[in-house]
Amino acid sequence: MKKTLPLIVTLITLSLLGLIILQASWLKNLIEVRQAHVFNKIQTVTTQVATDLSYAAFAGPVIRLPRKSNKISAEFHLRLLKPPSIGDKFTPQEIYAKLRKAFDDVDLKKMKFEFAIANSDGDYEMQSLNYAKEFYDTTSNKRIHNYLVPETGTEIDQVVQAEQMIVIVPDFTKQVWRSLQWIIIGAIIFMLIIIAAFYVTLKSLFNQKKLSEIKSDFINNMTHEFKTPLATISLAVDAIKNEKVKNDSDRFQYFSNIIKEENRRMNKHVETILQAALMEKQELKLNINRIALHPLLNNVIEAYNLQLLEKNGFIETNLNAKNDVVEADEVHLTNLLSNLIDNAIKYSKDNLVIKISTSCNNKIFSIKIEDNGIGMNKESVKRIFEKFYRAHTGNIHNVKGFGLGMSYVKTVIDAHKGRIKVESTLGKGSTFWVELPRTYTSKK
Ligand code: ADP
């Protein structure tokens, strides 16, 4: 697992990068090919329309001789020789319609265009509405010139220069992009789906890795937690077997107390593990009663007197809440408070002082538990309620535990529809606020 995970991450990342690069270059090629293809089509259709127009304009009799006059000026000659212009024969609407139809016929239905007809001197005979506006944009527009050459009359060719039909396709690249938009959007969506799948796979792999680490941590902790009392019990039993101890009632009492105490400790561990296993399977079942919290708190505090004495610490209480009655489950609430006080003692430094205070309003009863212990960093504060979570001990502390206490606390508070808040500074201490609704409601 240690080596395969980075390998999997590298392989998937590489293949994903490869896919993205291939996809991008494929799209780039597609757009270039499409641009060339569309431009070709436009050239073909405009040439076709230009030929049609020329044919229609110049197909009729070209020279009309005056009937009466026998003096024909050179200018008149020229006028006579000049074929009718496209502008004479067609309206702009007709030319637009021809072009539109030609565009539509080759599947360029959405392609916008502007056009103009210019005479041989370069003056415009007609132009579409936005032609002048689009004319000067030479970067994003494509411009196509077609000469409107008469089909017959070589002499005439020599006299006049041909007219021109100019077609402008505004925002050519954008229009081509637009025609490909569904392909591009599809490619992006599928790419995002692949990235999302990659993310989910990696996340679950990391979760699995975390779980297996948690599992081995848990087994290590559990082994330690059970081995120590077992070793102590074994030593105490050996001592009791000794004749000298058997005859000395004080020493006998001392060793049997040790056995009793270690037995109690192991029982507590088994309880914690069983509780966690139960919480996994089903929601916490509450046995709700009206409870006076101040006496309950005092009882819990009293149970820690011995441990506090050993640590040279003390608990300062300020139980100021006017009304201490809440509807709650007594057993779970006792465990909850024990867990919080237990941690405050477990994760303490020298000169341990724990301050416990209470307050209330009409709806909520609050308990504040403040310690001057080792404290936690931000990451630990965020994750403290996760099952099996334990702050990285390193050289900070060497206290063993299962990382189940705080997740149990959170479950109990959630079951009571209460709230818990933690603030902590590494090296300075932690404060926990527990808020319980005074009246229990089972609804969410
Ligand atoms: P455990 O104490 O068995 O490790 P908990 O769920 O009770 O598990 O606590 C989770 C972690 O939160 C502890 O390992 C510890 O790092 C941190 N923690 C809890 N309470 C305190 C506290 N009062 N001061 C400092 N750290 C604490």
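All ligand and atom numbering here is 1-based and tracks the order in the structure. What's counted below: heavy atoms across the whole structure, side chains too, no hydrogens, waters or symmetry copies.
Both cation-pi conditions hold for Arg143 and Phe135: the charged atom is under 6.0 angstrom from the six-membered ring centre and inside a 45 degree cone around its axis.
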**Report entry** Stepwise side chain to side chain donor-acceptor pair (under 3.5 Å) check, Asn207 with Ser204
**Finding:** CA-CA 5 Å; Asn207 276 349; Ser204 74; over 6 Å; no
Report task. Just do the side chain to side chain contact (heavy atoms under 4.5 Å, CB included) check on Phe388 and Lys215 with the steps written out, would you? Result -> CA-CA 9 Å; Phe388 297 115; Lys215 204 175 86 189; over 6 Å; no
Report task. Would you please test Leu336 and Ile413 for side chain to side chain contact (heavy atoms under 4.5 Å, CB included) and show each step? Result -> CA-CA 8 Å; Leu336 178 155; Ile413 288 177; 3.5 Å; yes
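Every atom of ligand 1 is numbered from 1 in the order shown, and the set under 4.0 Å from a heavy atom of Lys346 is 1 (P), 2 (O), 3 (O). The Gly375 neighbourhood of ligand 1 comprises atoms 25 (C), with distances under 4.0 Å to a heavy atom of that residue. Remark: ligand 1 atoms within the under-4.0 Å shell around heavy atoms of Ala391 are 14 (O), 16 (O). Set against the non-hydrogen atoms of Leu404, the atoms of ligand 1 under 4.0 Å away are 6 (O), 8 (O).
Proximity of Asn339 to ligand 1 is not established, as no heavy-atom distance is less than 4.0 Å. At least one heavy atom of Phe432 sits less than 4.0 Å from an atom of ligand 1. At least one heavy atom of Ser430 sits under 4.0 Å from some atom of ligand 1. Note on ligand 1: Ser380 sits outside its first shell, no heavy atom being nearer than 4.0 Å.
Between Lys244 and Asp248, no side-chain nitrogen of the basic residue sits less than 4.0 Å from a carboxylate oxygen of the acidic one, so the salt-bridge criterion is not met.
Between Phe218 and Phe402, a ring centre-to-centre spacing shorter than 6.0 Å is recorded.
Residue Tyr389 touches ligand 1 through its backbone alone, judged by heavy-atom distances below 4.0 Å. The proximity of Arg390 to ligand 1, defined as any non-hydrogen pair under 4.0 Å, involves the side chain as well as the backbone.
Across Gly418 and Pro437, no two heavy atoms sit closer than the pair CA-CD, 3.7 Å.
Remark: the Glu114 side chain and the Ser128 side chain contain an N/O donor-acceptor pair separated by less than 3.5 Å.
Between Asn343 and ligand 1, at least one pair of N/O atoms sits closer than 3.5 Å. Residue Ile374 has no N or O atom closer than 3.5 Å to an N or O atom of ligand 1. For a threshold of 3.5 Å applied to N or O pairs, the pair formed by Gly403 and ligand 1 contains at least one separation below that value. Remark: ligand 1 and Ile384 share no N or O pair separated by less than 3.5 Å (distance only, no angle test).
Every residue meeting the side chain to side chain donor-acceptor pair (under 3.5 Å) condition with Asn335, not counting sequence neighbours, appears here in chain and number order: Tyr408.
Here Ile31 contributes atom CD1 and Ser179 contributes atom OG; the two are 9.0 Å apart, rounded to the nearest 0.5 Å.
Nearest residue to atom 9 (O) of ligand 1 from Lys410, Glu386, Met406 is Met406 (criterion: closest heavy atom).
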